[in-house]
Amino acid sequence: RRNNIGSPILALKEFNLLSSASNYSSILTRVKQGTPVNVIKVWEANDSTKWLLVNVLYQNFYQLFYTRGWVNIRET
């Protein structure tokens with residue numbers, strides 16, 4: 001979606017939430033399909049790949065947490 005940064009969207013498929021905008025960074029958590037995701041920032045790298053900085057609500061045992069991380073957007 002364009003021009004709606006900050007509005008929640010739903011993850012269409014599972015993805016790894018990364019600690020930095022690099023394919024070699026560590027995985028913070030696995031985001032499941034249907035999870036609400038808030039887009040904070042869109043960043044285009046020098047190699048023309050697009051990254052999103054997102055905020056995700058996830059459950060760990062019986063507690064809910066927000067975590068922030070990066071996801072690579074691949075246009076296929």
Side-chain angles (χ1 to χ4, degrees):
R1 264 184 354 196
R2 295 186 187 276
N3 301 326
N4 288 325
I5 293 177
S7 299
I9 58 175
L10 295 178
L12 296 178
K13 63 180 182 177
E14 289 188 8
F15 63 89
N16 291 328
L17 191 64
L18 304 175
S19 60
S20 65
S22 167
N23 289 324
Y24 305 107
S25 62
S26 59
I27 298 171
L28 299 173
T29 189
R30 181 88 176 150
V31 177
K32 295 181 181 177
Q33 180 180 355
T35 302
V37 176
N38 289 320
V39 178
I40 300 167
K41 181 179 182 176
V42 178
W43 181 66
E44 190 169 337
N46 292 338
D47 61 358
S48 298
T49 57
K50 288 188 181 179
W51 291 86
L52 298 179
L53 177 61
V54 297
N55 203 21
V56 177
L57 181 66
Y58 75 99
Q59 184 173 357
N60 188 0
F61 297 103
Y62 297 107
Q63 296 180 336
L64 294 174
F65 296 95
Y66 276 103
T67 189
R68 184 178 290 186
W70 292 91
V71 68
N72 187 343
I73 301 301
R74 294 178 185 93
E75 294 184 23
T76 58

Give the intermediate values and the outcome of side chain to side chain contact (heavy atoms under 4.5 Å, CB included) for residues T29 and V56.
CA-CA 10 Å; T29 189; V56 177; 5.7 Å; no
Measure the spacing between [atom1] of [X] and [atom2] of [Y] and express it to the nearest 0.5 Å.
X	Y	atom1	atom2	result
N72	N16	CG	CG	11.5 Å
W70	S22	CH2	OG	11.5 Å
T67	N55	OG1	CG	7.5 Å
K50	I73	NZ	CD1	9.5 Å
L53	L17	CG	CG	9.0 Å
W43	T49	CH2	OG1	6.5 Å

Is the [atom1] atom of [X] crowded by more than 12 outside heavy atoms at less than 6.0 Å?
X	atom1	value
N46	CG	no
L10	CG	yes
Y66	OH	no

Does F15 reach the side chain of V37, with side-chain heavy atoms less than 4.5 Å apart?
yes
Among residues two or more places apart or on two chains, list those pairs meeting salt bridge (charged side-chain N to carboxylate O under 4.0 Å, His left out) that have a residue in residues 22-32.
E14-R30
Contact summary for L18 and L28, nearest pair of heavy atoms
O-CD1, 3.7 Å
Side chain to side chain contact (heavy atoms under 4.5 Å, CB included) involving L64 - partner list, sequence neighbours excluded
L57, Q59
